[in-house]
Asks: 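First the structure, which I've put down as structure tokens, then a few questions once you've had a look.
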Amino acid sequence: MGYRIAVDTGGTFTDVVVADKAGRLTVGKALTTVERTFEGFREALANAGDIAGVDADRLLAETEMLIYGTTRSTNSIIEGKVAKTALLTTEGFPDTLLYRHGGKREPLNLAMEFPPPYIPRRLTYEIPERINAEGGVERALDEAAARAIIEGLPRKRIDAVAVALLWSIVNPDHELRIGALIAEIMPGVPYTLSHQLNPIIREFPRTSSTAIDASLKPLMQSHLAEFESDLRAAGCTGEVLISTSSGGVMHVDDVVAKPIYTVKSGPAMGPLAGIAYAGAEEQGDDVIIVDTGGTTFDVSLVRSGQVKYTRDTWLLGEWIGHNLGLSSVDVRSVGAGGGSIAWIDAGGLLRVGPQSAGARPGPACYGQGGAEPTVTDAAVVLGYIDPDYFLGGRMSLDVAAAGQAIEKVAEPLKLSAEEAASAVLTLAGEQMIKAIQEITVQDGVNPGESIIVAGGGAAGLNIIPIAQALGCRRVLLPRTAGALSACGGQFSNIVTEFSASRYAHSSTFDFDGVSGTLSGIAARMDEFEQKLRGRSIERFGREYFVEARYINQQWEMEIPMPMDRFEAQADVERLVETFHDVHFRRYAVKEEGGAIECINWKGRITAFLDKPSLPVEAAGGSEPPAARRTTRAYFGEAGALDTPFHLGDDLHPGMVVPGPAIIEEPTTTIVVYPGSSAIVTAGRNYLLETGAAGA
């Protein structure tokens with residue numbers, strides 16, 4: 001087995017994790033180069049090569065597999081830099097993207113306008129046609145009208161087309177014909193048909209996912225082609241896979257066809273690393289995974305070894321933003337990363353984020369022209385980061401610039417620089433706590449019963465007080481925490497899902513209809529498996545899920561199916577009992593004897609890839625060596641304390657570092673707060689004892 005490289009290109013840093021033949025992981029890090037991604041990747045790879053003692057050219061030449069994750073699609077949506085896209089919809093239904101699910105944050109505020117739709121109304125076109133819910137043709141497709149609309153799109157300089165017609169999931173004939181017209185009239189212009197991408201009943205998420213996918217095709221097709229071309233030109237002959245929002249990876253060609261799967265794909269890798277590290281350190285299978293990057297703080301959840309998924313992923317705000325509409329790893333994000341900017345609002349209150357300093361100019365302490373105070377600047381002022389050892393000494397930080405930036409919020413608040421910096425870090429932590437509570441407490445999960453696996457370059461700065469507030473007694477912070485999402489790529493498999501809609505009432509179950517739907521899904525999985533077997537992949541797994549609800553409920557809940565087919569009423573009753581159990585576990589209530597409605601059916605196929613093993617070492621003594629240096633660091637109410645700094649390379653399994661202390665790794669810094677401690681594990685990771693009461 002040659003090298004295996006995992007890449008995560010974020011808004012601030014590009015992370016590279018290299019697994020060698022023995023399974024050892026080496027992290028490289030460099031600033032992201034937005035202009036050409038390969039340049040930042042190459043610099044990060046060279047950094048990993050220097051640490052591992054291997055030339056970057058040799059690494060690429062001997063790489064068997066490269067897994068690439070990027071925030072390019074996510075950032076393009078957030079920044080409004082996607083392709084100019086037209087939406088073709090059934091006549092009479094032009095406002096699906098405007099009204100979304102029909103709700104808004106302040107339902108009694110009649111003066112509140114609905115936010116703009118993903119595709120503006122002026123680029124939404126109504127096609128004369130109508131299919132009914134049974135698949136019958138209520139109104140034949142007016143092909144002349146459709147042709148006239150499509151012929152007018154080039155004059156609007158349209159770069160992509162989304163097609164979402166009513167009930168195309170039951171009868172796709174009209175969508176397919178429109179697709180053929182687009183290919184004929186606008187050759188080379190990418191388009192997405194909703195029934196092929198996301199065949200579910202609900203109109204808004206299906207239309208939303210179609211619009212997002214089409215708008216990303218020109219951008220991501222060009223981006224992925226450029227990156228792969230640069231890789232090949234640099235001597236990489238190994239297989240290139242792309243991380244996806246489903247928590248797995250896909251081949252480049254499959255992602256190019258459906259680029260929506262790259263949205264939030266980076267954070268979706270985090271749970272895989274969390275499961276791997278928690279399992280290797282025997283810390284259980286209930287895990288909260290947090291990843292503090294330069295721009296955002298991402299949270300995901302693993303319960304009983306299973307990653308939590310959702311079909312309700314929003315960008316730019318719940319109800320007011322844009323919904324992916326596809327099943328994806330449930331990742332909650334807030335704009336509170338290391339580069340998040342602190343500011344004073346009109347009422348004189350301190351705020352942190354969501355604006356970020358990004359990679360350039362970056363925080364003020366980077367010395368690249370940034371002047372706004374950020375979370376990283378606050379950590380420098382507090383004495384948590386050694387300015388001469390940032391990124392393992394490859395980058396020196398400007399302490400004076402950080403202090404000047406923090407003064408911008410300290411002076412209006414009449415606080416000292418240290419007090420203001422502490423307030424910035426505390427406020428960022430409060431936002432992080434809220435994000436964790438949203439995915440745990442609001443879903444019936446007590447965070448105190450889980451271990452936190454913390455990653456991201458800024459994770460170690462305030463994870464201990466965050467865990468204490470949540471009642472979590474332990475935090476596992478891997479040595480590779482600075483590249484947690486990229487690490488997740490090392491433990492990933494090829495994962496894809498196939499879904500279909502078919503209504504079924506548990507009391508009058510449609511055995512023939514559901515069996516036909518599940519058989520269709522199984523046939524598509526067979527085809528996908530056969531294709532991968534041609535690429536020498538031999539191990540596969542299959543899971544089936546259904547989205548169901550109690551009668552008269554508005555929202556469905558996805559549950560795993562205890563079977564893959566329904567042959568008798570006893571099978572239906574098993575499904576109903578499973579639904580009751582999952583509903584009670586999540587919401588502490590169930591409707592005994594209540595019937596359920598099944599709406600959408602899904603099959604997930606996993607092609608298992610080889611993964612690196614995590615090596616362990618025998619424990620030695622518990623006493624850490626003498627500190628590399630001691631400095632004054634500020635800890636809120638405890639004030640400024642003498643704080644020893646330890647290099648991670650000087651610490652060995654079994655050693656216990658009591659707080660206050662700072663542990664420096666090349667890509668992350670761990671702040672051990674007073675009253676807490678850090679234990680070096682057999683895997684040379686850090687198990688932080690927070691001192692919280694726990695559950």
Asks: Between Ser328 and Thr313, is any side-chain donor less than 3.5 angstrom from a side-chain acceptor?
Replies: yes

Asks: Cut-off 3.5 Å, no hydrogens considered: what does the side-chain donor-acceptor table look like for residues 476-486, sequence neighbours left out?
Replies:
| unit_1 | atom_1 | unit_2 | atom_2 | d |
| --- | --- | --- | --- | --- |
| Arg479 | NE | Glu665 | OE2 | 3.0 |
| Arg479 | NH2 | Asp649 | OD1 | 2.9 |
| Arg479 | NH2 | Glu665 | OE1 | 3.4 |
| Arg479 | NH2 | Glu665 | OE2 | 3.3 |
| Thr480 | OG1 | Tyr277 | OH | 2.5 |
| Ser485 | OG | Gly266 | O | 3.2 |
| Ser485 | OG | Asp291 | OD2 | 2.8 |

Asks: For a quick test of reading the model, state the closest non-hydrogen atom pair linking Ala278 to Val453 and the distance between them.
Replies: CB-CG2, 4.4 Å

Asks: Any salt bridge (charged side-chain N to carboxylate O under 4.0 Å, His left out) pairs touching residues 334-345, not counting sequence neighbours?
Replies: Asp345-Arg351

Asks: Does either side chain, that of Lys81 or that of Asn75, offer a donor lying less than 3.5 Å from an acceptor on the other one?
Replies: no

Asks: With sequence neighbours excluded, what pairs up with Pro354 under the side chain to side chain contact (heavy atoms under 4.5 Å, CB included) test?
Replies: none

Asks: Can you sort out the partners of Glu637 under salt bridge (charged side-chain N to carboxylate O under 4.0 Å, His left out), two or more places apart, ordered by chain and number?
Replies: none

Asks: Verify whether one side chain among Asp581 and Thr578 offers a donor that lies under 3.5 Å from an acceptor in the other.
Replies: no

Asks: Sequence neighbours excluded, which residues qualify as side-chain hydrogen bond (donor to acceptor under 3.5 Å, both in side chains) partners of Glu419?
Replies: Ser416

Asks: Return each pair, listed once, that meets salt bridge (charged side-chain N to carboxylate O under 4.0 Å, His left out) where at least one residue sits in residues 450-472; pairs must be two or more places apart or across chains.
Replies: none

Asks: Salt bridge (charged side-chain N to carboxylate O under 4.0 Å, His left out) with Asp286: which residues, sequence neighbours excluded?
Replies: Arg303

Asks: So, Thr310 side chain and Asp312 main chain: donor-acceptor pair closer than 3.5 Å or not?
Replies: yes

Asks: Among residues at least two apart in sequence or on other chains, which ones pass side-chain hydrogen bond (donor to acceptor under 3.5 Å, both in side chains) with Arg72?
Replies: Thr37, His223

Asks: Test of understanding: with salt bridge (charged side-chain N to carboxylate O under 4.0 Å, His left out), list the residues that count as partners of Lys602, not counting sequence neighbours.
Replies: Glu497, Glu558

Asks: Holding to side-chain hydrogen bond (donor to acceptor under 3.5 Å, both in side chains), I want the full list of residues that pass it with Asp95, two or more places apart in sequence or in another chain.
Replies: Arg121

Asks: Testing the basics here: between Cys598 and Leu575, what is the closest heavy-atom pair and its distance to 0.1 Å?
Replies: SG-CD2, 3.9 Å

Asks: Who pairs with Ile679 by side chain to side chain contact (heavy atoms under 4.5 Å, CB included), at least two apart in sequence or on another chain?
Replies: Val656, Leu687, Glu689

Asks: Around Tyr99, counting heavy atoms of other residues, nucleotides and ligands shown, do more than 12 lie under 6.0 Å from its OH?
Replies: no

Asks: Could I get the full list of side-chain hydrogen bond (donor to acceptor under 3.5 Å, both in side chains) partners for Thr681, not counting sequence neighbours?
Replies: Glu281

Asks: List the steps and the verdict of ring pair (Phe, Tyr, Trp, His ring centres under 6.0 Å) for His580 and Tyr550.
Replies: CA-CA 9 Å; His580 290 327; Tyr550 284 123; 5.6 Å; yes

